[in-house]
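Treat the numbers as computed from the prediction; the structure is a model and nothing was measured. Sequence positions, counted from 1, serve as the residue numbers for this chain.
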Amino acid sequence: MRLGLALGYWGRGPSADHLPLAQEAERLGYHSVWTAESWGSDVFTPLTWIAAHTTRIRLGTAVAQMAARSPTTTAMHALTLDHLSGGRMMLGLGLSGPQVVEGWYGRPFPKSPLTATREYVDVVRQVLRREGPVELDGRFHQHPYRGEDGTGLGKPLKPITHPLRADLPILLGAEGPKNIAQTTRIADGWLPLYWSPTRPGAYEAALSDLPADFLVAPMAHVRVCDDVAEGLLPVKAMLGFYIGGMGHAARNFHADLMARMGYEEEARLIQELFLAGRRQEAVLAVPDAFADEISLVGPRERIAERLELWRKGPVTDLLVLSPDPHTLRVLAELNS
């Protein structure tokens, strides 16, 4: 199981520790570093900055939001950064949810998410393979565009720039069972939002027929500390926000995922509290057990013991959410 560093997205402003953490991760032998985006900083610019200040570590997006860019634009970003970094790019994609897609990007959330994802990946792969002009007469993506409001003058094109790698890895952030199952068929890897090594049955059906060399790369908060309860507080704060506020009360993919993992009653309570403006109560309502099973928190010995559980399943890459260089070092030592 390889280690990656997950940096996430910026908060109020640029995070001064992101580049030093990425450089330390490279020095420690981490395989990859990953950036993200929501409705603030974008995913590719910080990754390009990191690429310019590192030499070996792989560079991933976890995730680039599909609604933010047309698939050809995303492919242009990926092939450009792959060239500039010497073939280190890994493209992680995700749909996001209706509130972000419609509220921030001003686009309709696709009525058939699986079809939209499949078409998007198809176009990106056509660009990267450069076997001919990009053509797709899809439900959500048309190349060239054939809508009634178009000029009719569009023509199929293939990229001027020759991509460095036709097989640049594409990973998908997927939460629903059907979406995960499709991911195993059309992508090179999967980016789980929450992974519990103690609940292998949660994803068993969707992962029943994994291709060879398929990547499973979940994120996990990791913190070396003496007090487990205190160390779980940032995890619970994150869960309170995602479960409670990152989505509509009637359509929150993160809350639905928590429910499928055995915490349905708790997930709905967190939603109710958060949407009622009782955010601190929502955080406190996150069960310690759930926060603990999807993270690695506690003394070195405890993390070492629990790390063995992560190694036993299908996980190929553990993407570490931690702003602490000491924790990164300890995990590198334990995983060596």
Side-chain angles (χ1 to χ4, degrees), residues 32 34-35 37 42-52 58-96 101 105-110 112-174 179 182-191 211-215:
S32 56
W34 302 74
T35 54
E37 63 188 3
D42 81 282
V43 71
F44 286 106
T45 308
L47 201 60
T48 304
W49 183 253
I50 291 169
R58 301 295 198 278
L59 309 157
T61 56
V63 293
Q65 295 181 331
M66 296 184 208
R69 307 162 189 87
S70 71
T72 48
T73 306
T74 295
M76 288 166 66
H77 279 295
L79 73 86
T80 301
L81 184 48
D82 201 43
H83 269 293
L84 293 175
S85 66
R88 291 189 279 154
M89 181 67 197
M90 304 171 74
L91 180 61
L93 301 170
L95 272 177
S96 190
V101 172
Y105 294 114
R107 302 183 59 187
F109 187 79
S112 178
L114 270 68
T115 302
T117 299
R118 190 166 57 250
E119 291 179 3
Y120 200 102
V121 171
D122 184 351
V123 173
V124 172
R125 289 207 188 278
Q126 285 191 53
V127 174
L128 294 175
R129 288 169 178 159
R130 202 178 179 273
E131 295 171 346
V134 175
E135 292 191 80
L136 181 68
D137 187 14
R139 176 178 174 185
F140 299 98
H141 299 285
Q142 296 180 351
H143 297 267
Y145 182 69
R146 298 178 178 85
E148 294 182 357
D149 56 343
T151 64
L153 301 178
K155 59 178 292 186
L157 301 169
K158 67 178 179 180
I160 297 171
T161 304
H162 291 233
L164 183 64
R165 293 180 296 162
D167 59 350
L168 187 154
I170 298 176
L171 298 89
L172 295 176
N179 202 351
Q182 174 175 268
T183 296
T184 66
R185 297 192 298 271
I186 68 171
D188 303 298
W190 173 43
L191 295 161
D213 301 322
F214 188 80
L215 304 177

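- A pairwise comparison of heavy atoms in A62 and W34 identifies CB-CE3, 3.6 Å as the closest pair.
- With a 4.5 Å cut-off on side-chain heavy atoms, L95 and P110 count as touching.
- R130 contributes a side-chain N or O that, together with a main-chain N or O of P159, makes up a donor-acceptor pair within less than 3.5 Å.
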Open item on the list: Test side-chain contact (heavy atoms from CB on, under 4.5 Å) on V43 and L47; report intermediate values, then the result.
Closed with: CA-CA 7 Å; V43 71; L47 201 60; 5.9 Å; no
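- Without hydrogens or angle criteria, E37 side chain to D42 main chain gives no donor-acceptor distance under 3.5 Å.
- The structure places OG1 of T74 at 11.0 Å from CG of L79, a figure rounded to the nearest 0.5 Å.
- With rounding to the nearest 0.5 angstrom, the CG atom of L91 is 8.5 Å from the CG atom of L172.
- Inter-residue side-chain proximity for R69 and Y120 is flagged as met; some heavy-atom pair is nearer than 4.5 Å.
- Considering all non-hydrogen atoms of both residues, G154 and P144 come closest at C-CB, 3.8 Å.
- A 4.5 Å side-chain heavy-atom check between T72 and L157 finds every atom pair outside the cut-off.
- Looking at heavy atoms from C-beta onward, K158 lies out of side-chain contact with V134 at the 4.5 angstrom threshold.
- Taking CZ from R125 and CG from D188, the interatomic distance works out to 4.5 Å, rounded to the nearest 0.5 Å.
- Listed here is the closest heavy atom pair of F140 and E119: N-OE1, 2.8 Å.
- Rounding to the nearest 0.5 Å places CD1 of I186 at 8.5 Å from CD1 of I170.
- Atom CZ in R165 sits 9.0 Å away from atom CE in M89 (nearest 0.5 Å).
- Checked against ring pair (Phe, Tyr, Trp, His ring centres under 6.0 Å), F44 has the following partners two or more places apart in sequence or in another chain: H77.
- A pairwise comparison of heavy atoms in P108 and V101 identifies O-CG1, 3.9 Å as the closest pair.
- In plain terms, the two heavy atoms of S112 and R139 that are nearest each other are CB-NH1, 3.3 Å.
- The CE atom of M90 sits 6.0 Å away from the OG atom of S32 when rounded to the nearest 0.5 Å.
- A heavy-atom distance below 4.5 Å is not found between the side chains of P169 and R58.
- Annotation for L59 and S85: closest pair CD1-CB, 3.5 Å, computed over non-hydrogen atoms.
- Judged by distance alone, the side chain of H83 and the main-chain N or O of H162 form a donor-acceptor pair under 3.5 Å.
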